[in-house]
Amino acid sequence: MCTLFHSTIAITLLVLLLLSSTSNATINPQSSLSQVNQFLAPQNAARKAVGMKPLIWDEKMANYAKWYANQRRFDCDLRHSNGPYGENIFWGSGDEWTPEQAVMEWVLEKKWYSYGSNSCAEGEQCGHYTQVVWGNTERVGCARVVCYGGKGVFMTCNYDPPVS
């Protein structure tokens with residue numbers, strides 16, 4: 001339990017350190033850090049923390065993510081595309097949510113994941129985390145949209161190959 005706690009703190013600190021080295025990337029979605037890197041860097045930091053090779057940005061999957069995010073722009077409904085890829089989705093009220101914040105929400109699920117049994121703690125969710133660090137996954141593409149009518153921000157990342 002203590003090791004899991006320390007491991008979670010280490011990942012959080014690693015990601016925060018990585019993000020703090022960029023110019024206001026966690027505050028301003030329009031910062032000089034590209035949106036690709038805003039999605040990719042914290043996911044690769046989480047993967048590195050558990051010994052996985054980095055994900056590669058895939059434009060085809062990014063286009064799929066953009067297409068689907070634009071479908072959600074009208075309602076900001078937190079539902080999956082049910083497409084051919086693994087998928088993480090995020091919704092936040094307001095319009096200031098950043099890709100790093102979405103990824104951090106997914107990565108924080110690590111506290112509920114047991115590597116020994118490859119399962120989540122009973123009654124908890126950790127599938128977003130496992131999708132980020134899944135050993136077989138090689139490529140990712142993501143998108144962020146601000147929904148119409150003040151409905152919030154919707155983000156999605158697609159992964160290939162998906163968690164099996």
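The shown structure was predicted, so the numbers you read here are calculated from the model rather than taken from an experiment. No hydrogens, no waters, no symmetry mates; every other heavy atom, side chains included, goes into these values.
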Open item on the list: Applying side chain to side chain contact (heavy atoms under 4.5 Å, CB included), can you list everything that pairs with N118, at least two apart in sequence or on another chain?
Closed with: Y113, W134

Without placing hydrogens or testing angles, list every side-chain donor-acceptor pair under 3.5 Å for residues 147-157, not counting sequence neighbours.
| from | atom 1 | to | atom 2 | distance (Å) |
| --- | --- | --- | --- | --- |
| K151 | NZ | F74 | O | 3.3 |
| T156 | OG1 | N88 | O | 3.4 |

Task: Intermediate values then yes/no, side chain to side chain contact (heavy atoms under 4.5 Å, CB included), L78 and I89 - done: CA-CA 7 Å; L78 192 59; I89 56 177; 3.7 Å; yes

- [ ] Could you walk me through whether E105 and F90 pass the side chain to side chain contact (heavy atoms under 4.5 Å, CB included) test, one step at a time?
- [x] CA-CA 8 Å; E105 287 296 314; F90 172 90; 3.8 Å; yes

- [ ] Report yes or no: does S114 contribute a side-chain atom to a donor-acceptor pair with the main-chain N or O of S119 at less than 3.5 Å?
- [x] no

Open item on the list: With side chain to side chain contact (heavy atoms under 4.5 Å, CB included) as the criterion, how do W57 and F39 come out once you've worked through the C-alpha distance, each side chain's angles and the decisive distance to 0.1 Å?
Closed with: CA-CA 9 Å; W57 188 261; F39 278 113; 4.1 Å; yes

- [ ] Start with the C-alpha distance between Q101 and E96, add both sets of side-chain angles, then the distance that settles side chain to side chain contact (heavy atoms under 4.5 Å, CB included), and finish with yes or no.
- [x] CA-CA 10 Å; Q101 290 170 316; E96 298 297 319; over 6 Å; no

Open item on the list: Are K53 and E138 packed together at the side-chain level, in the sense that at least one heavy-atom pair is separated by less than 4.5 angstrom?
Closed with: yes

Open item on the list: Once rounded to the nearest 0.5 Å, what's the spacing between atom CE of M61 and atom OH of Y159?
Closed with: 9.0 Å

Task: pair P162-Y85: side-chain heavy atoms closer than 4.5 Å - done: no

- [ ] Tell me, please, which residues at least two apart from W67 pass side chain to side chain contact (heavy atoms under 4.5 Å, CB included).
- [x] Y64, Q71

- [ ] Answer with yes or no whether the hydrophobic clustering places I56 together with V36; edges join I, L, V, M, F, W, Y residues whose side-chain heavy atoms lie under 4.5 Å apart.
- [x] no

TODO: Under the salt bridge (Lys or Arg N to Asp or Glu O under 4.0 Å) rule, collect the residues that match up with E122, sequence neighbours excluded.
DONE: none

- [ ] Measure the CD-SG distance between Q43 and C142 for me, rounded to the nearest 0.5 Å.
- [x] 5.0 Å

Open item on the list: Holding to salt bridge (Lys or Arg N to Asp or Glu O under 4.0 Å), I want the full list of residues that pass it with R72, two or more places apart in sequence or in another chain.
Closed with: D75

- [ ] Look up atom OH in Y129 and atom NZ in K110, then write down how far apart they are to the nearest 0.5 Å.
- [x] 4.0 Å

Task: From OG1 (T98) to CE (M104), nearest 0.5 Å - done: 10.5 Å

Open item on the list: Working to the nearest 0.5 angstrom, can you tell me the gap between E100 CD and Q35 CD?
Closed with: 9.5 Å

Open item on the list: Do W106 and V163 land in one hydrophobic cluster if side-chain heavy atoms of ILVMFWY residues count as linked below 4.5 Å?
Closed with: no

Task: Minimal non-hydrogen separation, G141 against A65, with atom names - done: O-CB, 3.7 Å

TODO: Can you see which heavy atom on A46 is nearest to which on V107, and at what distance?
DONE: CB-CG2, 3.8 Å

Task: Non-hydrogen side-chain atoms of W97 and V146 separated by less than 4.5 Å - done: no

Task: Partner set under salt bridge (Lys or Arg N to Asp or Glu O under 4.0 Å) for D77, not counting sequence neighbours - done: R79

- [ ] Give me the one residue out of D58, N158, L55 that meets side chain to side chain contact (heavy atoms under 4.5 Å, CB included) with R139.
- [x] D58

- [ ] Verify, without hydrogens or angle tests, whether R47 (side chain) and P54 (backbone) share a donor-acceptor contact under 3.5 angstrom.
- [x] no

Task: Check: S81/E87 side-chain N/O donor and acceptor closer than 3.5 Å - done: yes

Open item on the list: A side-chain contact here means heavy atoms from C-beta on lying under 4.5 Å apart; do N70 and V145 qualify?
Closed with: yes

